[in-house]
S.K.: 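Attaching a single structure in structure tokens format; questions to follow.
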Amino acid sequence: MLAKHYITNANELNLGLESTLQELPMWKVQVELDCPGGDLMTLFGQEPLLPGIILNKRQLCVGMISRQKFFEHMSRPYSFGLFSRRPIENLYNFLQPDLLIIPGEITIVEATQKALKRSFHLAYEPILVATQSGSYGLIDFHQLLLAYSQIYALTLTHLQIAEEQSQIAKAGFQDLQHNYARLLQNEKMAALGQLVAGIAHEINNPVNFK
């Protein structure tokens, strides 16, 4: 009924500029739709950081219910008595949550842009990720933002390094130009010196004609 995956903080990951969602830690807590709704409350209680639970029907993913949406509705009058002992499918059909499903091979930057385009009431909902292996996982929105901020900082660092290298390269090119001009000048001076020396030699040692 349940699959756990303990996540690490996104700041501890070694991300690159083109890192994808599949490189981020995911929650993979799953239950079948025919389980009672009270099971979700137990699972959320066991995992305080769990952002949501993946819902399956005959082991195939059909959706997700977030911690926030679950407790919002279960805290309403009569909701606990109405849904806690009935199959989760009843609660899921009642909520009809909007889902954001993103392929795992999409970059973190692109995924963050998609997540931020959601309506305000979905802003902090977890993202359902479809991996290349055919499995699904959940990424907490805050973890996604942490990863995005890390890539953003990395991008700024690369830009700074590139700018410094460009300035160094520009300065180096100017030095080369200057050195070339000096060498060229020295070459001209050497040629001129040879010419002057030759003329002086001819004056001091005139050629005898017959």
Side-chain angles (χ1 to χ4, degrees), residues 1-74 83 86-119 121-151:
M1 182 186 75
L2 170 63
K4 291 186 180 180
H5 182 81
Y6 293 95
I7 66 170
T8 56
N9 194 296
N11 283 332
E12 300 173 3
L13 300 174
N14 185 24
L15 299 175
L17 300 181
E18 297 298 321
S19 288
T20 63
L21 286 180
Q22 292 184 139
E23 297 178 47
L24 295 180
M26 299 183 199
W27 289 96
K28 295 185 178 179
V29 179
Q30 307 172 19
V31 296
E32 289 285 328
L33 281 177
D34 56 3
C35 291
D39 286 1
L40 296 187
M41 187 167 290
T42 301
L43 293 174
F44 282 127
Q46 292 173 349
E47 299 285 356
L49 298 179
L50 180 62
I53 295 174
I54 298 171
L55 303 178
N56 294 338
K57 190 169 187 176
R58 300 184 185 92
Q59 298 184 341
L60 295 177
C61 176
V62 294
M64 177 275 301
I65 184 167
S66 70
R67 171 186 289 271
Q68 180 179 346
K69 294 298 180 185
F70 177 76
F71 282 107
E72 273 182 6
H73 287 272
M74 292 300 280
F83 295 112
R86 295 184 179 182
I88 296 169
E89 188 170 8
N90 292 346
L91 175 61
Y92 188 69
N93 291 337
F94 177 78
L95 295 178
Q96 295 183 341
D98 294 321
L99 299 177
L100 178 61
I101 304 176
I102 302 180
E105 59 269 21
I106 283 184
T107 64
I108 292 170
V109 173
E110 291 177 292
T112 304
Q113 291 171 346
K114 287 180 179 291
L116 290 174
K117 288 179 181 178
R118 296 182 294 180
S119 59
H121 72 284
L122 297 174
Y124 298 103
E125 287 288 280
I127 293 94
L128 189 59
V129 180
T131 67
Q132 290 179 323
S133 63
S135 64
Y136 287 85
L138 284 179
I139 293 179
D140 182 80
F141 179 67
H142 298 91
Q143 288 283 329
L144 181 63
L145 287 183
L146 283 173
Y148 179 84
S149 64
Q150 183 177 338
I151 293 174

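Residue numbers count from 1 along this sequence.
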S.K.: When rounded to the nearest 0.5 angstrom, what is the spacing between CD in E32 and CD in Q59?
M.R.: 6.0 Å
S.K.: Atom CG in N14, atom CD in Q150: separation rounded to 0.5 Å?
M.R.: 7.5 Å
S.K.: What's the separation between atom CD1 in I108 and atom CD1 in I102, rounded to the nearest 0.5 Å?
M.R.: 11.0 Å
S.K.: Look up atom CG in L145 and atom CG in D140, then write down how far apart they are to the nearest 0.5 Å.
M.R.: 9.0 Å
S.K.: Within the structure provided, determine whether F94 and H73 are in side-chain contact (heavy-atom separation under 4.5 Å).
M.R.: yes
S.K.: Any donor and acceptor pair, going by atom type alone, linking the side chain of Q22 with main-chain N or O of Q132 inside 3.5 Å?
M.R.: yes
S.K.: Evaluate the ring planes of F70 and F44, with Trp represented by its six-membered ring, and classify them as parallel (under 30°), tilted (30 to 60°) or perpendicular (over 60°).
M.R.: tilted
S.K.: Which residue in the set K28, M64, M26 passes side chain to side chain contact (heavy atoms under 4.5 Å, CB included) when paired with L138?
M.R.: M64
S.K.: Atom CG of D34 and atom CG of L55: how far apart are they, to the nearest 0.5 Å?
M.R.: 11.0 Å
S.K.: For Y136 and I101, which heavy atoms make the closest approach, and how far apart are they?
M.R.: CE2-CG2, 4.3 Å
S.K.: For F71, I'd like to know if atom CZ has over 12 heavy atoms of other residues, nucleotides or ligands within 6.0 Å.
M.R.: yes
S.K.: What pair of heavy atoms forms the shortest contact from I54 to G137, and how long is it?
M.R.: CD1-CA, 3.8 Å
S.K.: What's the shortest heavy-atom distance between A115 and L144, and which atoms?
M.R.: CB-CD2, 4.1 Å
S.K.: Apply the test side-chain contact (heavy atoms from CB on, under 4.5 Å) to residues L128 and C61: give CA-CA distance (whole Å), side-chain angles for both, the deciding distance (0.1 Å), then the verdict.
M.R.: CA-CA 10 Å; L128 189 59; C61 176; 4.0 Å; yes
S.K.: Set out, in order, the CA-CA distance, both residues' side-chain angles and the distance that settles side-chain contact (heavy atoms from CB on, under 4.5 Å) for V31 and D39, then state yes or no.
M.R.: CA-CA 9 Å; V31 296; D39 286 1; 5.5 Å; no
S.K.: Donor-acceptor check, side chain of R118 to backbone of A123, threshold 3.5 angstrom: yes or no?
M.R.: yes
S.K.: Any salt bridge linking E125 with K69? Criterion: basic side-chain nitrogen under 4.0 Å from a carboxylate oxygen.
M.R.: no
S.K.: Using the side chain to side chain contact (heavy atoms under 4.5 Å, CB included) definition, which of the options L99, N56, L33 pairs with V62?
M.R.: L33
S.K.: Check for a donor-acceptor pair, side chain of R86 on one end and backbone N or O of L91 on the other, with a separation under 3.5 Å.
M.R.: no
S.K.: Check whether any side-chain heavy atom of F141 sits under 4.5 Å from a side-chain heavy atom of P51, and report yes or no.
M.R.: no
S.K.: Holding to side chain to side chain donor-acceptor pair (under 3.5 Å), I want the full list of residues that pass it with E105, two or more places apart in sequence or in another chain.
M.R.: none
S.K.: Provide the closest heavy-atom pair for L50 versus W27 in the form atom of the first, atom of the second, distance.
M.R.: CD1-CE3, 3.6 Å
S.K.: May I ask you to test the V109-T112 pair for a side-chain heavy-atom distance under 4.5 Å?
M.R.: no
S.K.: Any side-chain heavy atom of I88 within less than 4.5 Å of one from L40?
M.R.: yes
S.K.: Rounded to the nearest 0.5 Å, how far does CG of L146 lie from CG of L15?
M.R.: 10.5 Å
